[in-house]
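Fair warning: this is a prediction, and the values are worked out from it, not measured in the lab. First listed ligand is number 1; within each ligand, the first listed atom is number 1.
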Amino acid sequence: MEIRIIKCLQDNYSYVIVDEVSKNACVIDPSEAKPIIDFIEKNKINLRFILNTHHHYDHVGGNQELKKRYNSKIVGFKGDKDRIPEIDILVSDNQIWKEESFEAKVYHIPGHTSGHIAFHFFNEKKIFTGDTLFSLGCGRIFEGTYKQMFDSLSKIKALPRETEIYCGHEYTLQNSNFCKLNDPENLKLKKKIIEIKEKLENGLPTIPTILNDELECNIFLRADDIKSFSKLRDLKDNF
Ligand code: ZN
Ligand code: FE
């Protein structure tokens, strides 16, 4: 199973998961169809499934065109069946979604939106977190409460520390400035920022990040009560 990172729109990432044997693939959050189509055609793979973490346009924008072109099935949260364009397969919290060689556990992680989910490919130790957990940051709370977002992040925190995190946007550098300001003595953070800058200077994504790094460096994961988490979230909204 190989993950390819596809840059979309301004700063979005879509991810194509390819089964090297069958050449079947899933795409996570196709922001737009064009870059995904280019990748599929170039590599001669079959796009079997489209997985959406939430209904925002920069995560579902490619759904319709890709489905029409490849006859792919669209997988999304059952509570968002009226908001995810062209949805076919409805999944719910803690369900294991399994098709062909693809197998992921679904976590309902509300906060950014009420129907946000993550797909945890537990065999591969990779999780797709959409706009809930970013590298060195977390999503804005649009439809939920601070408590919901805090609890959603806690679910991710409980996964094995070596889990690779694939998020919806390249926000890492801006996020790192906020972490640095509020956690100036954190040496692990300083080290991670050097690595981040190196990647970006070489035109590389900073994603995936490792859960262990996030636990040590991401100030939103380091906040261990809702009150301090909420305060940080407010500060970041005005940062
Ligand atoms: Zn979003
Ligand atoms: Fe987004």
Side-chain angles (χ1 to χ4, degrees), residues 3-17 26-36 50-66 74-87 91 93 104 106-120 126-153 155-156 164-178 196 200 205-209 214 218 220-221 229-230 232-234 236-239:
I3 316 276
R4 297 296 295 268
I5 304 179
I6 317 269
K7 281 195 65 162
C8 291
L9 303 175
Q10 191 83 348
D11 50 30
N12 277 83
Y13 287 133
S14 298
Y15 301 102
V16 179
I17 308 177
C26 305
V27 65
I28 317 273
D29 285 353
S31 316
E32 50 178 341
K34 174 84 170 60
I36 312 296
I50 297 168
L51 275 48
N52 294 135
T53 62
H54 65 297
H55 74 285
H56 284 160
Y57 83 97
D58 62 317
H59 298 256
V60 302
N63 276 17
Q64 199 169 20
E65 197 178 335
L66 291 170
I74 297 176
V75 184
F77 185 56
K78 72 169 194 294
D80 268 349
K81 65 176 175 14
D82 298 323
R83 300 204 289 185
I84 291 179
E86 310 262 339
I87 192 167
V91 293
D93 191 24
V106 174
Y107 293 108
H108 180 217
I109 46 170
H112 178 69
T113 67
S114 56
H116 200 300
I117 56 174
F119 292 93
H120 182 211
K126 299 175 196 306
I127 187 167
F128 296 86
T129 58
D131 287 357
T132 297
L133 175 62
F134 295 119
S135 182
L136 302 184
C138 76
R140 278 178 189 262
I141 299 170
F142 286 127
E143 296 181 351
T145 61
Y146 294 106
K147 181 173 187 322
Q148 279 180 328
M149 189 54 136
F150 182 80
D151 291 345
S152 295
L153 292 172
K155 284 190 195 178
I156 300 171
E164 286 181 334
I165 294 164
Y166 292 80
C167 58
H169 293 265
E170 180 62 70
Y171 288 161
T172 315
L173 187 62
Q174 299 113 287
N175 288 343
S176 77
N177 292 328
F178 182 78
I196 287 163
L200 293 173
T206 63
I207 307 304
T209 177
E214 296 303 318
N218 185 331
F220 292 98
L221 296 191
F229 171 76
S230 308
L232 285 168
R233 193 51 266 176
D234 285 343
K236 181 78 196 291
D237 283 346
N238 299 303
F239 180 64

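Using cut-offs of 30° and 60° for the angle between ring planes, the Tyr13 and Tyr15 rings count as tilted. Using the six-membered ring where Trp is involved, Phe220 and Phe178 have ring planes that are parallel, under 30° apart on the 30 and 60° scheme.
Counting only protein atoms, the N, O or S atoms lying less than 2.8 Å from the Zn ion (ligand 1) are His54 NE2, His56 ND1, His112 NE2, Asp131 OD2, ordered by chain and residue number.
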Next on the checklist: Assess the residue pair Phe119 and Lys126 against the criterion (side-chain contact (heavy atoms from CB on, under 4.5 Å)); give the C-alpha distance rounded to whole Å, side-chain angles, the decisive distance to 0.1 Å, and a yes or no.
Outcome noted: CA-CA 8 Å; Phe119 292 93; Lys126 299 175 196 306; over 6 Å; no

Checklist entry - Does the pair Ser31 and Asp58 meet the rule for a side chain to side chain donor-acceptor pair (under 3.5 Å), with working shown? => result CA-CA 5 Å; Ser31 316; Asp58 62 317; 6.0 Å; no

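Between His59 and His169, a ring centre-to-centre spacing shorter than 6.0 Å is recorded.
Here Asp131 meets the criterion, with an N, O or S atom under 2.8 Å of the Fe ion (ligand 2). Look at His169 and the Fe ion (ligand 2): an N/O/S atom of the residue is under 2.8 Å from the metal. At least one N/O/S atom of His59, whether from backbone or side chain, sits less than 2.8 Å from the Fe ion (ligand 2).
Shown here is Gln174, whose CD atom has more than 12 heavy atoms of other residues, nucleotides or ligands within 6.0 Å.
To the nearest 0.5 Å, atom CD1 of residue Ile207 and atom OH of residue Tyr171 are 11.5 Å apart.
Sorting the N, O or S atoms of Asp58 by how far they are from the Fe ion (ligand 2) puts OD2 first.
When side chains are defined from C-beta on, His112 does not count as touching Glu143, because their heavy atoms never get closer than 4.5 Å.
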